[in-house]
Amino acid sequence: MFSLCCISNELKPTHSFQTMTWKRFNDLGAGELALKELSARWLNNVKVTHRIIQHCADNGWNYRVSSSLFPILTHPEFKYNHYDAPDFEAILDEFRAIQDARYPVRLSTHPSQFVVLASNNQESVKKSIDDLEHHAWMMDLLGCERSYQNPINIHVNCSDGEPWEIADRFAANLATLSDGVRSRLVVENEDRGIWNVERLVKYFYNRHGIPITYDNLHHKCNPSDVGIYDCAATWGDYKPLFHYSESHPDKSNLRSHADMPTDFPRIHSVDHEIELKAKDFAIRHIQNLVDKHSILS
DNA sequence: ACCAGTCAAGGAAGC
DNA sequence: GCTTCCTTGACTGGT
């Protein structure tokens with residue numbers, strides 16, 4: 001099955017996410033007025049998420065939940081808690097509605113590249129931990145399992161030291177986190193730097209038992225001898241959730257993502273998040289390509 | 001109604 | 001030891 005990533009281009013005209021910057025929050029006074037405006041945007045974002053999950057259920061897709069549902073909430077200087085938001089009861093009601101509907105949609109999250117659990121900068125580690133716990137909190141509210149069925153996928157994004165040292169720092173920090181994070185956390189190969197598939201399997205899976213998310217485009221840009229099937233084996237009894245994308249046809253940088261696909265993932269028994277900019281339209285096109293291929297073969 | 005600039009983050013890479 | 005780039009899309013403010 002295929003996952004839609006964060007945004008539905010088909011629903012965007014009527015259901016779009018809202019955000020607020022830290023600067024804007026402070027320009028509004030950083031008080032009740034600012035919090036009221038922020039709270040309304042959080043509620044909007046959870047409602048939009050519900051609508052997109054319905055849309056995915058209708059189409060037989062999975063869904064990667066956006067990491068931008070609660071702007072400012074994890075900012076280190078934000079003085080309020082989530083329950084201080086005037087709309088928080090309504091937000092909880094919306095989450096309950098999502099849980100109660102029991103959509104057959106595999107949910108996942110992908111915290112940003114600024115989460116660096118193995119950093120030597122302790123402030124960065126603390127922010128990373130807060131962000132990961134926030135994602136786990138959100139996934140619990142969405143009714144997600146605490147397992148690799150509903151993974152939290154991140155990059156290592158650190159090359160400070162020997163690979164085994166980085167992996168051990170990462171694992172030591174991970175061990176201090178809640179069950180909601182530890183039970184879901186997986187790591188993905190990167191399109192540059194030391195963290196290709198081979199090193200991830202060697203230092204994160206073999207050494208610490210952390211499953212590996214295989215990204216085909218990153219593997220093309222930053223190859224190694226270990227491949228997609230080796231990554232699939234790191235997921236144990238869980239169905240792997242991998243990434244599929246293609247290079248932009250008109251850009252010299254191989255790493256930039258295309259809008260639409262020209263091909264499709266060939267491996268069976270694996271779910272794929274489709275990281276193509278046309279979003280829903282790209283998934284429909286991939287499904288057409290798969291259907292044509294199966295008729296011809 | 002539209003458009004260009006803004007915003008936020010950690011680290012890598014290039015002077 | 002600086003600056004720039006990477007990445008992203010909604011927001012903001014000016015026209």
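The figures that follow rest on heavy atoms only: side chains count, while hydrogens, waters and symmetry mates do not. Order of the sequence lines sets the chain letters (A, B, ...), proteins ahead of strands, with each chain counted from 1.
- Listed by residue number, A/Ser124, A/Lys127 are the residues of residues 123-139 of chain A with a heavy-atom contact under 4.0 Å to DNA chain B.
- In terms of phosphate contacts, A/His257 brings no side-chain nitrogen or oxygen within less than 4.0 Å of OP1 or OP2 of C/dT7.
- What separates CG of A/Asn9 from P of C/dG9 is a distance of 8 Å, to the nearest Å.
- Where A/Ile7 and A/Leu28 each meet DNA chain C at their nearest nucleotide, the meeting point lying more 5' is that of A/Ile7.
- In this structure, A/His82 has its ring center at least 6.0 angstrom away from the ring center of A/Trp42.
- DNA chain C is contacted by A/Phe17, A/Gln18, A/Thr19, A/Arg24 of residues 16-26 of chain A, taking any non-hydrogen atom closer than 4.0 Å.
- Note on A/Ser112: every side-chain N or O is 4.0 Å or more away from OP1 and OP2 of B/dG10.
- C/dC6 atom P lies 12 Å from atom CG of A/Asp191, rounded to whole Å.
- The side chain of A/Val116 sits closest to B/dG11 out of B/dG11, B/dA13, C/dT7.
- A cation-pi geometry, defined here as NZ or CZ lying under 6.0 Å from the six-membered ring centre and within 45° of its normal, holds between A/Arg266 and A/Phe264.
- Distance, A/Leu217 CG to C/dT7 P: 11 Å, rounded to whole Å.
- For the pair A/Glu37 and A/Arg41, the salt-bridge criterion is met [side-chain N within less than 4.0 Å of a carboxylate O].
- Between A/Trp235 and A/Phe242, the two ring planes are perpendicular [angle over 60°; tilted spans 30° to 60°].
- Each of A/Arg41 and A/Phe114 has a nearest nucleotide on DNA chain C; the 5'-most of these lies closest to A/Phe114.
- Classification of the A/Phe95-A/Phe70 ring pair by plane angle, with boundaries at 30° and 60°, yields parallel.
- Remark: C1' of C/dT8 and NZ of A/Lys12 are 10 Å apart, rounded to the nearest angstrom.
- Applying the side chain to side chain donor-acceptor pair (under 3.5 Å) test to pairs two or more places apart or on separate chains, those with a residue in residues 269-282 of chain A are A/Ser8-A/Asp280, A/His55-A/Asp280, A/Arg64-A/Glu273, A/Arg64-A/Glu275, A/Arg106-A/Asp271, A/Ser108-A/Glu273, A/Lys239-A/Asp271, A/His243-A/Glu273, A/His243-A/Glu275.
- Rounded to whole Å, the distance from CD1 on A/Ile166 to P on B/dA12 is 9 Å.
- Using a 4.0 Å heavy-atom criterion, one finds that A/Lys277 contacts no nucleic acid atom at all.
- Between the side chains of A/Asn153 and A/Glu188, at least one donor-acceptor pair of N or O atoms lies under 3.5 Å.
- For A/Arg255 and B/dA13, the CZ to C1' distance is 11 Å, given to the nearest whole Å.
- Ion pairing of A/Asp130 with A/Lys127 is absent here, as no side-chain N (NZ or NE/NH1/NH2) approaches a carboxylate O to less than 4.0 Å.
- The distance between the ring centers of A/Phe78 and A/Tyr80 falls below 6.0 angstrom.
- Between the CD atom of A/Glu77 and the C1' atom of B/dA8 there is a distance of 13 Å, given to the nearest Å.
- Rounded to an integer number of Å, the gap from CD of A/Glu190 to C1' of B/dG10 is 12 Å.
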